[in-house]
There are 2 protein chains.
Amino acid sequence: MTDAVRTGRVRAAHLGPERRRPEVLDAALAIAVKSGVGAVTIGAVAQHLGVTRPVVYSCFRDRVALIEALVEREGERLLASALAALHSARGDDPEAVFVRGYQAFLDVVADWPDAWRLLFSAAPDPAVADKFQRARREMAESATQWLRPALTAWWGVTDLDHKLPVLVELFMSSCEAAGRSLLDQPDDWTTQELGELYGRMICRAFSVA
Amino acid sequence: MTDAVRTGRVRAAHLGPERRRPEVLDAALAIAVKSGVGAVTIGAVAQHLGVTRPVVYSCFRDRVALIEALVEREGERLLASALAALHSARGDDPEAVFVRGYQAFLDVVADWPDAWRLLFSAAPDPAVADKFQRARREMAESATQWLRPALTAWWGVTDLDHKLPVLVELFMSSCEAAGRSLLDQPDDWTTQELGELYGRMICRAFSVA
DNA sequence: CAACGTTACTACAGAGATGTAGGAATTTCC
DNA sequence: GGAAATTCCTACATCTCTGTAGTAACGTTG
């Protein structure tokens with residue numbers, strides 16, 4: 001009984017690597033969200049799929065490549081949506097822009113909660129830690145592009161080069177906090193309510209930077 | 001070459017479990033901060049100490065007990081200091097209180113950066129994840145006790161039961177963000193400057209909650 | 001200085017994960 | 001219906017980490 005549990009499991013369908021790959025990533029995501037990235041082993045993924053390990057190896061060279069592909073896919077998805085959310089928030093009234101921004105952002109979190117959990121509450125082993133960091137850094141980069149003009153145009157923040165990294169850090173953290181609150185207490189808050197509160201608060205915070 | 005690297009390493013000093021235990025925890029902390037909690041294996045700790053694995057086993061029953069003790073020690077240290085920091089920030093002017101609070105808190109981070117990194121940017125395996133969560137939850141609990149009267153007394157926040165969890169989440173995240181900024185750019189900001197900025201901003205944010 | 005208790009080291013057995021080779025089942029295409 | 005290609009499964013060798021038993025070195029005390 002070394003590998004596939006010798007129960008009367010039926011032989012898996014003949015999908016082939018191409019069609020199997022997304023299923024593998026789905027399984028990996030489910031495991032990562034439930035038990036942490038460290039639990040994403042080839043064996044665990046195979047078992048979760050009802051398949052033996054060599055099938056998984058036919059889709060991804062090794063464990064690291066699998067997790068990299070997962071972070072890539074989910075990061076892409078989240079970045080694109082979050083960017084769209086930010087771009088949808090434009091206008092002349094800072095508070096209104098912030099409110100709409102957080103609301104749109106929280107809708108994204110609500111749409112892909114697992115992608116969010118993977119990237120922001122996960123436990124990266126050292127082997128793949130840099131991939132996670134890169135994904136987060138890309139989002140921070142987009143946030144910076146969005147924040148910089150706001151800070152100068154609306155509030156004339158002085159000493160921007162000095163403060164910008166700190167403000168971006170705060171902004172990213174506020175997004176994480178909002179996302180956590182939304183996912184932890186899904187019945188207490190709608191994305192609209194929570195986004196409105198956060199938009200008001202953080203807008204106000206930045207106004208005194 | 002199964003265990004202790006067969007180089008001409010000298011036999012380790014005869015300290016005994018009691019005196020060795022703190023050294024073991026120090027080594028574990030260093031490894032955890034550098035390479036993640038997942039890298040804290042009995043073997044790695046032993047090697048970092050220049051000792052063989054059974055010596056480590058004489059100090060802690062197993063790997064989980066070791067990590068638990070580590071989280072316990074560092075969490076205790078950080079909680080006590082952070083509590084003292086919060087209690088030192090009292091007064092009638094909300095902004096001044098927040099500024100002093102963040103400043104005192106950032107001094108704690110600066111004093112024990114590794115304890116901070118361990119508890120707030122670490123990667124817990126599922127096996128010990130709950131211990132980490134408990135440590136963080138304890139700090140959040142203290143923060144709640146500190147925040148609740150402020151929110152009612154100063155700003156008469158309505159619907160407090162509903163909002164308090166969200167505001168605590170934001171507050172904790174802001175502390176994490178401030179800590180990260182401090183540790184990532186140690187030359188750009190003093191604890192006083194950064195605490196002043198954060199105190200002003202978050203005070204302002206809560207005032208419109 | 002000799003005997004005893006303490007401490008550290010060597011060596012082993014087992015669990016679990018990795019990655020691969022070769023054979024069996026299924027599907028596809030004449 | 002039968003050969004060929006594709007896909008999956010079994011089985012194996014290896015690695016790393018865990019945890020433990022037995023042995024050698026040290027230090028302390030009479």
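Every value quoted in this text rests on a predicted model; they were computed, and no experiment measured them. Here is the naming used below: chain letters follow the sequence lines, and residue numbers restart at 1 for every chain. As a basis for the values below, the full set of heavy atoms in this structure was taken, side chains included, without hydrogen atoms, waters or symmetry mates.
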Item to complete: Using the side chain to side chain donor-acceptor pair (under 3.5 Å) rule, take S173(B) and R180(A) through it: C-alpha gap first, then chi angles, then the decisive distance, then the call.
Response: CA-CA 10 Å; S173(B) 284; R180(A) 271 198 297 272; 2.8 Å; yes
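- Applying a 4.0 Å cut-off to non-hydrogen atoms, none of the residues of residues 23-31 of chain A approaches DNA chain C.
- Atom CG of D26(B) and atom CG of L49(B) lie 8.5 Å apart (nearest 0.5 Å).
- Distance H14(B) NE2 to dG5(C) P: 15 Å, rounded to the nearest Å.
- Residues Q192(A) and E196(A) bring no donor and acceptor atom of their side chains to less than 3.5 Å of each other.
- Checking Y198(B), W146(B), F105(B) one by one against F98(B), the ring-ring contact (aromatic ring centres under 6.0 Å, His included) holds for a single residue, W146(B).
- R11(A) contributes a side-chain N or O that forms a donor-acceptor pair with the base of dC8(D) under 3.5 Å.
- In this structure, R53(A) atom CZ and dG19(C) atom C1' are separated by 7 Å, rounded to whole Å.
- Contact check on E76(A) versus R73(A) returns no salt bridge, with no Lys/Arg side-chain nitrogen under 4.0 Å from an Asp/Glu carboxylate oxygen.
- The interatomic distance linking I42(A) (CD1) with dT18(C) (C1') rounds to 8 Å, in whole Å.
- Within a heavy-atom distance below 4.0 Å of DNA chain D, no residue of residues 57-71 of chain A is found.
- When side chains are defined from C-beta on, R134(B) does not count as touching V71(B), because their heavy atoms never get closer than 4.5 Å.
- Summarising the geometry, atom CD belonging to E68(A) is positioned 7.5 Å from atom CG belonging to D130(A); distances are rounded to the nearest 0.5 Å.
- With a 4.5 Å cut-off on side-chain heavy atoms, P17(B) and F60(B) do not count as touching.
- If you take CG of L15(A) and P of dC8(D), they are 6 Å apart, rounded to a whole angstrom.
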